[in-house]
Amino acid sequence: MERFEAYLRRIPDPHQRAQMAAVLEWVEGRFPKLSPRLAWNQPVFTNHGTFIIGFARTPEYLAVVPEAPGVARFRREIAEAGCAASGQEVRLGWDAPVPYGLLEQLIAFNVADKAACRTFWRVVQ
């Protein structure tokens with residue numbers, strides 16, 4: 001979590017800061033082989049140099065960015081978790097419980113789906 005401390009300190013709302021910290025700590029604990037880093041001033045996790053998942057804070061929600069294939073693959077599960085999604089992001093309301101099961105599915109899917117990927121982003125044909 002040390003890598004994200006400066007980022008977290010810039011979140012003015014204490015509840016949002018605590019929730020973002022909890023999510024980032026959970027990812028680091030559950031997926032210790034992923035590499036945490038800041039990119040575009042946002043927390044992201046990579047695996048062998050390829051993007052796996054990113055997170056962004058807005059005043060309205062915590063954005064989870066697993067790339068479009070992850071959003072498409074888990075559209076039903078996203079809706080069942082009470083979350084909204086579009087394009088490449090899933091939106092988690094600040095006042096709702098974090099759907100860790102959904103996060104685990106999104107991350108595990110990207111790790112497996114991008115196991116042979118040699119680029120940061122998926123190359124869409």
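Values below: all heavy atoms of this structure, side chains included; hydrogens, waters and symmetry mates excluded.
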List in chain and number order the residues that pass ring-ring contact (aromatic ring centres under 6.0 Å, His included) with F109, two or more places apart in sequence or in another chain; answer none if no residue qualifies. F74
In chain order, what residues pass the side chain to side chain donor-acceptor pair (under 3.5 Å) check against T46, with sequence neighbours excluded?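 Result, side chain to side chain donor-acceptor pair (under 3.5 Å) vs T46: none returned.
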Which heavy-atom pair separates [X] from [Y] by the least distance, and what is that distance?
{"X": "F55", "Y": "L103", "value": "CE2-CD2, 4.5 Å"}
{"X": "E28", "Y": "F4", "value": "OE2-CE1, 4.2 Å"}
{"X": "A85", "Y": "I78", "value": "CB-CG2, 3.8 Å"}

Approximate separation, where rounding is to 0.5 Å, of [X] [atom1] and [Y] [atom2]:
{"X": "Q88", "Y": "F51", "atom1": "CD", "atom2": "CZ", "value": "8.0 Å"}
{"X": "L8", "Y": "E25", "atom1": "CG", "atom2": "CD", "value": "8.5 Å"}
{"X": "L38", "Y": "Y7", "atom1": "CG", "atom2": "OH", "value": "8.5 Å"}

Side-chain ([X]) to main-chain ([Y]) donor-acceptor, under 3.5 angstrom:
{"X": "R17", "Y": "I11", "result": "yes"}
{"X": "R3", "Y": "P36", "result": "yes"}
{"X": "H48", "Y": "K114", "result": "yes"}

Summary of side chain to side chain donor-acceptor pair (under 3.5 Å) pairs that have at least one residue in residues 29-40, sequence neighbours excluded: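 Every pair satisfying side chain to side chain donor-acceptor pair (under 3.5 Å) with a residue in residues 29-40: R30-E104.
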Cluster question for you: counting only ILVMFWY and a side-chain heavy-atom cut-off of under 4.5 Å, with indirect links fine, are [X] and [Y] together?
{"X": "Y100", "Y": "V65", "result": "no"}
{"X": "V27", "Y": "V64", "result": "yes"}
{"X": "V44", "Y": "L34", "result": "no"}
{"X": "F120", "Y": "I107", "result": "no"}
{"X": "F45", "Y": "V71", "result": "yes"}

For a 4.5 angstrom cut-off between non-hydrogen side-chain atoms, does [X] reach [Y]?
{"X": "P12", "Y": "R57", "result": "yes"}
{"X": "H15", "Y": "D95", "result": "yes"}
{"X": "S86", "Y": "R91", "result": "yes"}

With a 3.5 Å cut-off and no angle check, do the side chains of R122 and N110 form a donor-acceptor pair?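 There is such a pair (donor and acceptor under 3.5 Å, judged by atom type) between the side chains of R122 and N110.
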